[in-house]
*Asks:* 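I'd like to ask you about the structure that follows.
So that the names make sense, note that chain A is the first sequence line, chain B the second, and so on, each numbered from 1.
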Number of protein chains: 2
Amino acid sequence: MPTVSRVLNGSKYVAPDLAQRVNEAVQALGYRPNGAARSMRSGRRTLVSVLAGATANYGYARTLQGVETAARRAGMSVSITVVESGEDEHVRAAIDLTLAQPTAGVIVLEFDRAGINAAKALPEGLPVVVAGGGSRRTGQVPAALIDERAAGRQATEYLLHLGHRTVHHIAGPTEGKHSGRTDGWRAALTAAGAPAPQIMRADWDASAGYRWGERIAGMSDVTAVFCANDDIALGLMRALSDRGIDVPRDISVIGFDDQPLVALWRPSLTTVDQDFEDLGARAFGLLSQVIGGEPDAASSVKAPQLVVRESTAPPKG
Amino acid sequence: MPTVSRVLNGSKYVAPDLAQRVNEAVQALGYRPNGAARSMRSGRRTLVSVLAGATANYGYARTLQGVETAARRAGMSVSITVVESGEDEHVRAAIDLTLAQPTAGVIVLEFDRAGINAAKALPEGLPVVVAGGGSRRTGQVPAALIDERAAGRQATEYLLHLGHRTVHHIAGPTEGKHSGRTDGWRAALTAAGAPAPQIMRADWDASAGYRWGERIAGMSDVTAVFCANDDIALGLMRALSDRGIDVPRDISVIGFDDQPLVALWRPSLTTVDQDFEDLGARAFGLLSQVIGGEPDAASSVKAPQLVVRESTAPPKG
DNA sequence: CTGAAAGCGCTTACAG
DNA sequence: CTGAAAGCGCTTACAG
């Protein structure tokens, strides 16, 4: 049995012919070492857990994909547990479920309240890394980040440079002053001396954007809108279109995410490209460092790119 | 120690006050049982593995979501491993990685060649269930299915009933005669005595649809196109629109999936609604039965729904 | 280079 | 109701 173990784990101190025979037997019997026993005895763990407020939404799914790819290449598996909401009860249930597995470490997607609260509630002493949209790490755990603030500022400045007096903003549901996108939007307005209109709040989906579109259609002072994500922007554009308002001639619209389909829209959407796969890969790399005991696992920040398409133009008149 | 175990596992034979003290100590120390040791000793496994050719694409992500939700409610975690392609090497690597974890069972997403081959290569004796788009189970393992054939037939019949002489079809990449969508399309044409045009093949993404759109714009005999998924349909519609061809007046288009955004498109897309979340939930339920040793875990089939919107109309003239 | 022995952290009969 | 003892299936020093 120790010999089998040595062969399977590639120890060098095994006679070639013995190793050969072991391998044949393993093949013939379809033997697979019991992962639980293996991890218990060796202390080596090969499961990485992702904790997230959702899985199927574009950004979540892509980040998860980035984690999975990086983990697989490193020989590790990834488990996923959804945190249903930011409520204590849901946060605790998700953490309990995750930690019932022999996990090597946890990656938390801090894209929403559920993720933020989960990151806070995780016990000490466990390798943890967060992935999110800040411009610098917030807690004590290392973070892989996308600088939403810079992107929000850039998008807003672009509209201002086109000649718009100000830029309206439809923010996401859980965003307060802590949303990077909203922060960047406000900073750009302040820097330009432009008035800051009331923030419009919406859920992340297109129907929320559509409802705001119905109202914006009746507001004569709106010439440019920066939306917190692409779905909201698309819903908004459809509502405006349904009311005979032309984008971008009457109103310019910018989204956030750069989902694949928004380039096909008519008009195609100007938006901010977030590289979620890269975010997931960076988060995994960081977690590997933490698991490996590297003392100075450094947080990383990347700036997303503004992608200019057809939905933005100078104001008319 | 046995007492602690009994308290944590809710055995009734523990004095209330002792249980109380144990719970307090557990709280204070932040003690969590080692999952590996637990699963090894008890033989109970709480990890379900999903094997899939992708994770972020709409159908995959939604099915995964369905699995995760159902698993979580049953107190189980889910791991995800991507099978990079249908090549032996990738299939084997993915299976090895998955089975290195102490998994209770495997759900294979048979949405593509990678998934189909993975299902075939899984060793005997392991609880396995497949989820896919057939109308009946194909192998010996139980399956949760969506009846794509019926849907493909229904979509095609709908176009025929509108008065189209025939219906063109853009199929997905790996689809041969075994694609339910394509089978259903052909069956409808045959039943109606309509001529079956050459199948057009495309990758699953919008750009593939766009390229076919460029060619179809030059084909005078095309009045209706049934696309294997929504992305292809949207790419096609954009290409037609770019060439001044009106959908649905000049050409009718039907997609497959009913992604959230296609209802917002202009024109909104007639498509087939597949309930992927339900598919994932059914797959997990089936796997639970298999794990539980139920002898007659029955495959389930559901029919997707045709959703009629603006992209389809009678042929002109 | 290769076996016998110990032990990872739990749970489960087993005695009391 | 509650401890002492065995054992799940591996890996890792330890002798040889």
*Asks:* Mapping B:S42 and B:A19 onto DNA chain D by nearest heavy atom, which one lands closer to the 5' end?
*Replies:* B:A19
*Asks:* Looking at the side chain of A:A15, which of C:dT12, C:dT11, C:dT2 is the nearest nucleotide?
*Replies:* C:dT2
*Asks:* Between C:dT12, D:dT12, C:dT2, which nucleotide gets closest to the side-chain atoms of A:S5?
*Replies:*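 Among C:dT12, D:dT12, C:dT2, the one nearest the side chain of A:S5 is D:dT12.
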*Asks:* Within the pair A:Y31 and D:dG9, is there a side-chain N or O less than 4.0 Å away from OP1 or OP2?
*Replies:* no
*Asks:* Taking only distance into account, with no hydrogens and no angle test, what donor-acceptor pairs under 3.5 Å do side-chain atoms of residues 117-132 of chain A form with protein atoms, sequence neighbours excluded?
*Replies:*
unit_1, atom_1, unit_2, atom_2, d
A:N117, ND2, A:G86, O, 2.8

*Asks:* Please report, rounded to the nearest Å, how far the C1' atom of D:dG7 is from the CE atom of B:M40.
*Replies:* 8 Å
*Asks:* Tell me: CG of B:D17 to C1' of D:dT2, nearest whole Å?
*Replies:*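 Taking CG of B:D17 and C1' of D:dT2, I get 12 Å after rounding.
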*Asks:* With sequence neighbours left out, write down each residue that passes side-chain hydrogen bond (donor to acceptor under 3.5 Å, both in side chains) with A:T98, or none if nothing qualifies.
*Replies:*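 Counting only residues at least two positions away or on another chain, A:T98 forms a side-chain hydrogen bond (donor to acceptor under 3.5 Å, both in side chains) with A:T81.
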*Asks:* Among the nucleotides D:dC10, C:dG3, C:dC10, which one has an atom lying closest to any side-chain atom of B:N34?
*Replies:*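 For B:N34, the side-chain atoms sit closest to C:dC10.
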*Asks:* Testing the basics here: between B:A114 and B:V83, what is the closest heavy-atom pair and its distance to 0.1 Å?
*Replies:*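 Heavy-atom minimum between the residues: CB-O, 3.5 Å.
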*Asks:* What is the distance, to the nearest angstrom, from the CG atom on A:L8 to the P atom on D:dT11?
*Replies:*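 Computing the A:L8:CG to D:dT11:P distance gives 7 Å.
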*Asks:* When the distance from CD of A:Q101 to C1' of C:dG9 is rounded to whole Å, what number comes out?
*Replies:* 16 Å
*Asks:* Counting Watson-Crick and G-U wobble pairs with both distances under 3.5 Å, what is the dot-bracket string for DNA chain D, 5' to 3', using [ ] for crossing pairs and | for pairs to another strand?
*Replies:* |||.||||||||.|||
*Asks:* Rounded to whole Å, how long is the line connecting atom CZ of A:R41 with atom C1' of C:dA5?
*Replies:*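 To the nearest whole Å, that distance equals 11 Å.
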*Asks:* Starting from the 5' end of DNA chain D, give me the residue, B:L18 or A:R44, whose nearest nucleotide shows up first.
*Replies:*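 Taking each residue's closest nucleotide, the earlier one in sequence belongs to B:L18.
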*Asks:* Choose from C:dG9, D:dC10, D:dT2 the nucleotide whose nearest atom is closest to any side-chain atom of A:P33.
*Replies:*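 Given the options C:dG9, D:dC10, D:dT2, the side chain of A:P33 is closest to D:dC10.
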*Asks:* Quick one: list whatever passes ring pair (Phe, Tyr, Trp, His ring centres under 6.0 Å) with A:Y60, sequence neighbours left out.
*Replies:*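 A:Y60 satisfies ring pair (Phe, Tyr, Trp, His ring centres under 6.0 Å) with A:F111 once adjacent residues are dropped.
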*Asks:* Answer yes when B:E84 and A:R73 have at least one side-chain N-carboxylate O distance shorter than 4.0 Å, and no when they do not.
*Replies:*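 Between A:R73 and B:E84 there is a salt bridge, with a charged N closer than 4.0 Å to a carboxylate O.
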*Asks:* From the set C:dT2, D:dT2, D:dG9, return the single nucleotide nearest to any side-chain atom of B:T3.
*Replies:*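 Taking heavy atoms from C-beta onward, the closest nucleotide is D:dT2.
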*Asks:* Just list the side-chain donor-acceptor pairs under 3.5 Å for residues 36-44 of chain A, sequence neighbours left out, or say none.
*Replies:*
unit_1, atom_1, unit_2, atom_2, d
A:R38, NH2, A:N9, OD1, 3.2
A:S42, OG, A:R38, O, 2.8
A:S42, OG, A:R44, N, 3.1

*Asks:* Please tell me which of the listed nucleotides, D:dG9, D:dT2, C:dG3, lies nearest to the side chain of A:R6?
*Replies:*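 Looking only at heavy atoms from C-beta outward on A:R6, the closest nucleotide is C:dG3.
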*Asks:* Taking only residues two or more places apart in sequence, or in another chain, which ones meet A:E277 in a side-chain hydrogen bond (donor to acceptor under 3.5 Å, both in side chains)?
*Replies:*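 side-chain hydrogen bond (donor to acceptor under 3.5 Å, both in side chains) check on A:E277 returns nothing, list empty.
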